[in-house]
Amino acid sequence: MDLPVIDLSPCLSGDWDPHLCAEVSRTLRETGALLVKDPRCTVQDNDRFIDMMEHYFSKPQHFKLLHERPHLHYQVGVTPEKVEVPRSLVDEEMQEKLKAMPKENQPHTPVGPDPKWRYFWRIGPRPSNTRFQELNAEPVIPEGFPEWKETMDSWGYKMIAAIEVVAEMAAIGFGLPKDAFTSLMKLGPHLLAPTGSDLQKYGQEGTIFAGYHYDLNFLTIHGRSRFPGLNIWLRNGQKVEVKVPIGCLLIQTGKQIEWLTGGDCIAGMHEVVATKRTLDAINLAQEQNRSLWRVSSTLFAHIASDAVLKPLGHFAELPLATKYPPMCAGEYVEQELAVINLKGKK
């Protein structure tokens with residue numbers, strides 16, 4: 001199944017077509033994912049970012065470990081491989097659900113923490129007054145990368161801009177005010193969070209780079225990776241391998257949009273696994289003498305830490321709305337990080 005591609009150009013020139021907005025909200029509701037084309041986010045931008053991250057991740061381990069901040073929940077700087085624990089490894093209720101799935105839709109079963117590195121870089125201004133200081137920490141810049149800040153900020157701001165348009169289209173499609181979501185995103189702890197998986201070390205078919213999980217934020221956006229391997233689960237439980245066309249961005253629903261829509265739009269489940277298509281891409285990269293680090297150019301867009309998560313507008317009337325009691329977004333994020341082992345040492 002191919003996800004529809006939504007071109008954001010009409011909205012950027014002021015044409016907020018209600019039919020297109022309805023298609024955005026329907027697709028997010030049914031699939032938890034969306035492909036978009038934003039003329040402001042070019043293939044060259046994505047390439048420049050991935051080139052730099054390939055260079056960084058291929059550096060020796062002792063160099064990269066200078067940039068980890070476990071006492072800040074790893075929410076800035078680098079997270080080494082085998083630190084992030086996939087939700088499906090620790091959530092017993094989720095494990096029971098997985099066993100009940102038809103074989104062809106079951107995810108790969110993680111046996112331990114994810115063998116991927118990650119780098120967290122905050123995008124956007126931080127609040128001057130917040131109860132959640134550690135979620136809004138100072139950035140970490142590696143030595144020897146003079147282009148680091150400009151490359152990270154440029155790509156990050158472009159992807160946030162794309163998410164804001166999608167969030168406004170979705171709000172219109174859901175029958176909410178256009179700024180229902182974007183007003184809550186202001187000063188959010190948005191994170192550019194590229195991952196790096198060493199395919200020389202972990203390039204065997206079936207290797208799980210990111211075990212079956214959902215994202216705890218509002219919406220997640222990725223540029224196209226040079227190595228495929230992402231599987232998503234549609235709302236009906238069907239497993240789909242995602243193919244991102246060149247020049248497109250992939251958006252996925254996180255837990256915060258589920259909260260704000262009272263469960264009408266649920267957080268999309270997904271995993272990243274080495275498939276036959278990944279192995280084909282590895283072989284091609286070897287022939288062309290390219291890097292064998294699989295970089296995802298991922299950005300997590302968040303609701304502001306001090307904003308309250310609760311079902312908005314007519315979503316508060318839904319029968320499931322009581323499952324989503326009012327809670328500060330920052331408090332919710334801290335709860336989730338504690339489960340997946342990124343809480344670090346206080």
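Predicted model, so just to flag it, every value in this text is computed and none were measured. Sequence positions, counted from 1, serve as the residue numbers for this chain.
The side-chain tip of K255 points at the ring of Y214 from less than 6.0 angstrom away and within 45° of straight on.
In the model, S296 has no side-chain atom that pairs as donor or acceptor with a side-chain atom of H222 under 3.5 Å. Between the side chains of T130 and S305, no donor N or O sits under 3.5 Å from an acceptor N or O. Side-chain N/O atoms of E271 and H108 include a donor and acceptor closer than 3.5 Å. Looking at Q256 and N217, their side chains never bring a donor and an acceptor atom within 3.5 Å of each other. A donor-acceptor pair shorter than 3.5 Å can be found between the side chains of D215 and H270.
The backbone N or O of L199 lies less than 3.5 Å from no partner atom in the side chain of S197, so there is not a single donor-acceptor pair. Between the T42 side chain and the D45 main chain, a donor and an acceptor come within less than 3.5 Å of each other. In this structure a side-chain-to-backbone donor-acceptor pair under 3.5 Å is present from D114 to G211. T207 contributes no side-chain N or O that, together with a main-chain N or O of G203, makes up a donor-acceptor pair within less than 3.5 Å. Proximity of a side-chain donor or acceptor of T253 to a complementary backbone N or O of G268 within less than 3.5 Å is detected. W233 places a side-chain N or O within 3.5 Å of a backbone atom of N105 that can act as its donor or acceptor partner.
Pairing each heavy atom of W117 with each of P80, the nearest pair is CE3-CA, 3.4 Å. Of all heavy-atom pairs between C328 and F132, the closest is CB-CZ, 4.0 Å. Pairing each heavy atom of A170 with each of S25, the nearest pair is O-CB, 3.9 Å. The nearest pair of heavy atoms linking W155 to G223 is CZ2-CA, 4.2 Å. Minimum heavy-atom separation, L176 to L312: CD2-O, 4.0 Å. R294 and G229 get closest at one heavy-atom pair: NH2-N, 4.3 Å.
Annotation: side chain of C11 is not in contact with side chain of E168 (no heavy-atom distance under 4.5 Å). In this structure, the side chains of P139 and F120 stay at 4.5 Å or more apart for every pair of heavy atoms. Within the 4.5 Å cutoff, the side chain of D198 has no heavy atoms near those of the F57 side chain. Residues L284 and R290 are in side-chain contact: their nearest non-hydrogen atoms beyond the backbone lie under 4.5 Å apart. Between I251 and V36 the shortest side-chain heavy-atom distance falls below 4.5 Å. Inter-residue side-chain proximity for L299 and T220 is flagged as unmet; no heavy-atom pair is nearer than 4.5 Å. Under the 4.5 Å side-chain criterion, counting only non-hydrogen atoms from C-beta, V166 is in contact with L8. At a threshold of 4.5 Å between non-hydrogen side-chain atoms, the residues L260 and F181 count as touching.
With salt bridges taken as basic N to acidic carboxylate O contacts below 4.0 Å, one links R226 and D47. Taking a cutoff of 4.0 Å between a charged side-chain nitrogen and a carboxylate oxygen, R48 and E150 qualify as a salt bridge. Comment: D264 engages R29 in a salt bridge, judged by a side-chain N to carboxylate O separation of less than 4.0 angstrom. With respect to R118 and E81, no salt bridge is recorded, no charged nitrogen being found less than 4.0 Å from a carboxylate O.
Atom-to-atom distance recorded for H190:NE2 and W121:CH2 is 16.0 Å, nearest 0.5 angstrom. For the atom pair CG (L250) and CD1 (I232), the distance works out to 7.0 Å, reported to the nearest 0.5 Å. Note that CD of E241 is 9.0 Å distant from NZ of K239, once rounded to the nearest 0.5 Å. For the atom pair T31 OG1 and R26 CZ, the distance stands at 8.5 Å (nearest 0.5 Å). Note that the NE2 atom of H213 and the CE atom of M94 stand 9.5 Å from one another [nearest 0.5 Å].
Taking the six-membered ring where tryptophan is involved, the planes of Y119 and Y56 are perpendicular, since the angle between them exceeds 60° and thus also 30°.
Ring-centre distance between H314 and F174: not below the 6.0 Å cut-off.
By the 6.0 Å contact criterion, CD on E104 is enclosed, its count of non-hydrogen atoms from other residues, nucleotides or ligands being greater than 12. Atom CD of Q61 is surrounded by 12 or fewer heavy atoms from other residues, nucleotides or ligands within 6.0 Å. Annotation: Q95, atom CD; neighbour count of heavy atoms from other residues, nucleotides and ligands within 6.0 Å is above 12.
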Q: Let me see the working for L35 and L249 under side-chain contact (heavy atoms from CB on, under 4.5 Å), right down to the final yes or no.
A: CA-CA 6 Å; L35 289 168; L249 301 161; over 6 Å; no
(Q) Walk me through whether I282 and Q200 qualify under side-chain contact (heavy atoms from CB on, under 4.5 Å). (A) CA-CA 9 Å; I282 291 173; Q200 232 165 347; over 6 Å; no
(Q) For a side chain to side chain donor-acceptor pair (under 3.5 Å) check, start with the C-alpha distance between Q106 and Y212, then their side-chain angles and the critical distance, and finish with the verdict. (A) CA-CA 10 Å; Q106 283 185 5; Y212 182 79; over 6 Å; no
**Q.** Full working for side-chain contact (heavy atoms from CB on, under 4.5 Å) between I6 and L34
**A.** CA-CA 8 Å; I6 305 288; L34 186 69; 3.7 Å; yes
Q: Give the C-alpha distance, both sets of side-chain angles, the deciding distance and a yes or no for side-chain contact (heavy atoms from CB on, under 4.5 Å) between F315 and W259.
A: CA-CA 10 Å; F315 290 120; W259 213 282; over 6 Å; no
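Clustering ILVMFWY residues whenever any of their side-chain heavy atoms sit less than 4.5 angstrom apart, transitively, puts V43 in a cluster other than the one holding F49. V273 and F227 end up in different hydrophobic clusters when Ile, Leu, Val, Met, Phe, Trp and Tyr side chains are linked at under 4.5 Å. The cluster map of Ile, Leu, Val, Met, Phe, Trp and Tyr, joined by side-chain heavy atoms under 4.5 Å apart, puts W148 and M159 in the same cluster. The same ILVMFWY cluster, assembled from side-chain heavy atoms under 4.5 Å apart, contains both M152 and I50. Under a hydrophobic-cluster definition in which Ile, Leu, Val, Met, Phe, Trp and Tyr are linked whenever side-chain heavy atoms come within less than 4.5 Å, directly or via other members, I123 and L184 are assigned to the same cluster.
Judged as a side chain to side chain donor-acceptor pair (under 3.5 Å), the pairs with a partner in residues 8-23 (not counting sequence neighbours) are, in order, D7-S9.
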